[in-house]
Amino acid sequence: MENAEIAGIFDEIADLLELRDENPFRIRSYRNAAQSIRNLSDRLADLTDQGHDLSAIPNVGDATAKKIHEILETGVCKRLESLRKQVPPGLPDLMRVPAVGPRKAMQLHRELNIESLEELKHACEAHKVRDLDGMGKKTEETILQGIATVQSTAGRMLYQEAAEHLDSLAEHLDTVAAIDRWEVAGSYRRGRETIGDLDVLVHAKDRTKATEAILAYNAIGRVIGRGKERVSVRLEAGLQIDFRFFDAAAFGAAWMYFTGSKAHNIRVRRVAQENKWKLNEYGLFKDDHRLAGKTEKAVYARLDMRWVAPELREDRGEVEAARQGGLPRLVDLDDVRGDLQCHTTASDGKHSIQEMAQAARRQGFDFLAITDHSKRVTMANGLDDEAARKHADAIREADADMKRFWLMAGIEVDILKRGNLDLNEKTLTAMDWVVASVHYDRAMGRKAMTDRIVTAIASGVIHCLGHPLGRIIGRREPMAVDMDRIIEACVDHNVCLEINCQPDRLDLPDTFCRDARDAGVTFTLGTDAHSTDGFRFMPLGVKVARRGWLRKTDVLNTKTITALKKALRK
DNA sequence: GCCGTTTTCGGCCCGACTGTTTTCAGTCG
């Protein structure tokens, strides 16, 4: 069983305990444990096999460790099974609806016998909900809208999608005279791969005017709420945006608070508590005296911590590192000098070698690897040995025409079912750059898939493993592989791991990057551009790298042409 | 249920908004 499923079990236990109105701290413990498990890069099943003490995992104590063993051995958790018998099965679903929490869900079930979203919808439409204690007409309408939201958006959108909405919003906000300053916070600022909603902090002398101007934004579908401190709206596209007003003296503390993560905040707040201080969104306080709040840096500094980059604020050891001066100096978009994966019309790209090269140069890159598909990818018109060699010649011809730029003759060669490569050794060794990827025959066991990939890594002719987990966010689960073995093979054979920058791939995911980095693996960033505008996804890959604690020296794309050529001489 | 270089017991982050209420509970982030 995979970590995500086990985390899901603990979240479900937390939901059910909440519905039963049990000890809120116990409920939070289950949620914390679930989150820590999701953050793990090692599989619980492996840790158990190797005899590790699971209670060493943060937020996992003896009781949870015991349950994990039980789940791994029997496939079920007795605690969950017994809770399921005590709570009607549809109630956790009801809690997914905004404005419906455990109390209302229970009340709806108790008094109207509601057990599903459909039943709740019908009850609202029949105006039965408004007669319940503490509910009214407004509640009914809110619930109906909430159900529509849950059913249409299923929660989160890709980072890139949110980024595009934010770009449009920025154009509007930047024209508002009443707004002195605005910043985006939340999971967007931390660079998570999917975004639930956008948090925007606003500093404005006249909040009424600022609110009116914000509400004039033409992409707003409806206004969820408005007050002196906050305005919440939902765009027609479904994305919720919360605007919050803060004075300049509190802005840094607020930015920190709303950037999160929640787990990071709690840990930082504990540092404040050690000093008998209080940290909230208005600042760091000793009694009623504000010690800091204007900037994030000032708040962290007062707590004797270095400023923590938002991408690191996930409670993965960054607070301790910030206190001990052990934070990494993260790779930056400005450090990136080139792109190591893209496609042209030779396979499934939209533009020619020259068009891609010119676009890369406009992007400010010094080098670009052209890596078209090999023949196994028939759908993409993949190249056979002869075509690949001719294509490499064409790339080098184009390269000869370019000054102070290296157009690399590359290939994305398929890793076939038994780990052999789709092109012969002679073709591959003639290339400047070889990315090897799995595209087909994904349905195989964990061991077989790992063997397959390790065989390719050990071939001696590849430079890089492309989109290592093969996942498509929201559509295709990552392949089951033993990442430790893959990392080990990469170190042994001096093969890089790619961070694929496509918005719905972002593969390798951040949690694995850090382990691989610690083991000594070098990474590459590949936009996997299929047209000239595909290079714009590079910042997404950099975000992943930063979330994975990667430094400039961990990323091959940061090298100069000379240094890159030297590094590739095997 | 977790956690501890003050603690193995007794804490556990903190505030705003909404709707339905006359003082607050529930929800959310």
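Every value quoted in this text rests on a predicted model; they were computed, and no experiment measured them. Here is how names work: the chains are called A, B, and so on, in the same order as the sequence lines, proteins then strands, and each is numbered from 1. Scope of the values below: all heavy atoms of this structure, side chains included, with no hydrogens, waters or symmetry mates.
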Separation of the [atom1] atoms in [N] and [M], to the nearest angstrom:
N: dC12(B); M: dC17(B); atom1: C1'; value: 25 Å
N: dG26(B); M: dT21(B); atom1: C1'; value: 13 Å
N: dC14(B); M: dT7(B); atom1: C1'; value: 24 Å
N: dC13(B); M: dG4(B); atom1: P; value: 14 Å
N: dG1(B); M: dT8(B); atom1: C1'; value: 14 Å
N: dG29(B); M: dT22(B); atom1: P; value: 27 Å
N: dG15(B); M: dG10(B); atom1: C1'; value: 24 Å
N: dA16(B); M: dG11(B); atom1: P; value: 25 Å

Report yes if a side-chain nitrogen or oxygen of [X] is closer than 4.0 Å to either non-bridging phosphate oxygen (OP1 or OP2) of [N]; otherwise report no.
X: N265(A); N: dC13(B); result: no
X: K67(A); N: dG1(B); result: yes
X: R26(A); N: dG1(B); result: yes

Identify whether any heavy atom of [X] sits under 4.0 Å from a base atom; if not, whether one sits that close to sugar-phosphate; answer base, sugar-phosphate or nothing.
X: N23(A); result: base
X: V97(A); result: sugar-phosphate
X: P58(A); result: sugar-phosphate
X: R103(A); result: sugar-phosphate
X: K262(A); result: base
X: R226(A); result: sugar-phosphate
X: Y282(A); result: sugar-phosphate
X: Y30(A); result: sugar-phosphate

Practice prompt. Report yes or no: is the cationic atom of R316(A) (NZ for Lys, CZ for Arg) under 6.0 Å from the centre of the six-membered ring of W549(A), at an angle within 45° of the ring normal?
Written response: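 Because its charged atom misses either the 6.0 Å distance or the 45° angle limit, R316(A) does not stack over W549(A).
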Discussion item. Going by the glycosidic torsion and a 90 degree boundary from 0, is the base of dT22(B) oriented syn or anti?
Written reply: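 Chi for dT22(B) falls in the anti range.
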Discussion item. Using salt bridge (charged side-chain N to carboxylate O under 4.0 Å, His left out), reason through R546(A) and D332(A) one step at a time and then give a plain yes or no.
Written reply: CA-CA 8 Å; R546(A) 290 169 64 85; D332(A) 199 78; 3.6 Å; yes
Fill in: Of the listed nucleotides dG19(B), dC13(B), dG15(B), the one nearest the side chain of T139(A)
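For the T139(A) side chain, the nearest candidate turns out to be dG19(B).
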Discussion item. Return the pairing partner of dC9(B) with a 3.5 Å limit on both distances, Watson-Crick or G-U wobble; otherwise return none.
Written reply: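 dG4(B) is the nucleotide pairing with dC9(B).
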Practice prompt. Decide yes or no, distance alone: a donor-acceptor N/O pair under 3.5 angstrom between the base of dT6(B) and the side-chain of K276(A).
Written response: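 Indeed, a donor on one side and an acceptor on the other fall under 3.5 Å apart.
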Item to complete: Identify, between Q273(A) and G136(A), the residue whose nearest nucleotide on DNA chain B lies closer to the 5' end.
Response: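 In this pair, the answer is Q273(A).
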Fill in: First encountered from the 5' end of DNA chain B, between R230(A) and A99(A)
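Its nearest nucleotide being more 5', the pick is R230(A).
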Practice prompt. May I ask you to check whether Q324(A) and E320(A) show a side-chain donor-acceptor distance below 3.5 Å?
Written response: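 Their side chains do not contain a donor-acceptor pair, so the 3.5 Å distance test is not met.
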Worksheet item: Are E314(A) and H264(A) close enough that a side-chain donor and a side-chain acceptor fall under 3.5 Å?
Response: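 No pair is found: no donor N or O on one side chain lies under 3.5 Å from an acceptor on the other.
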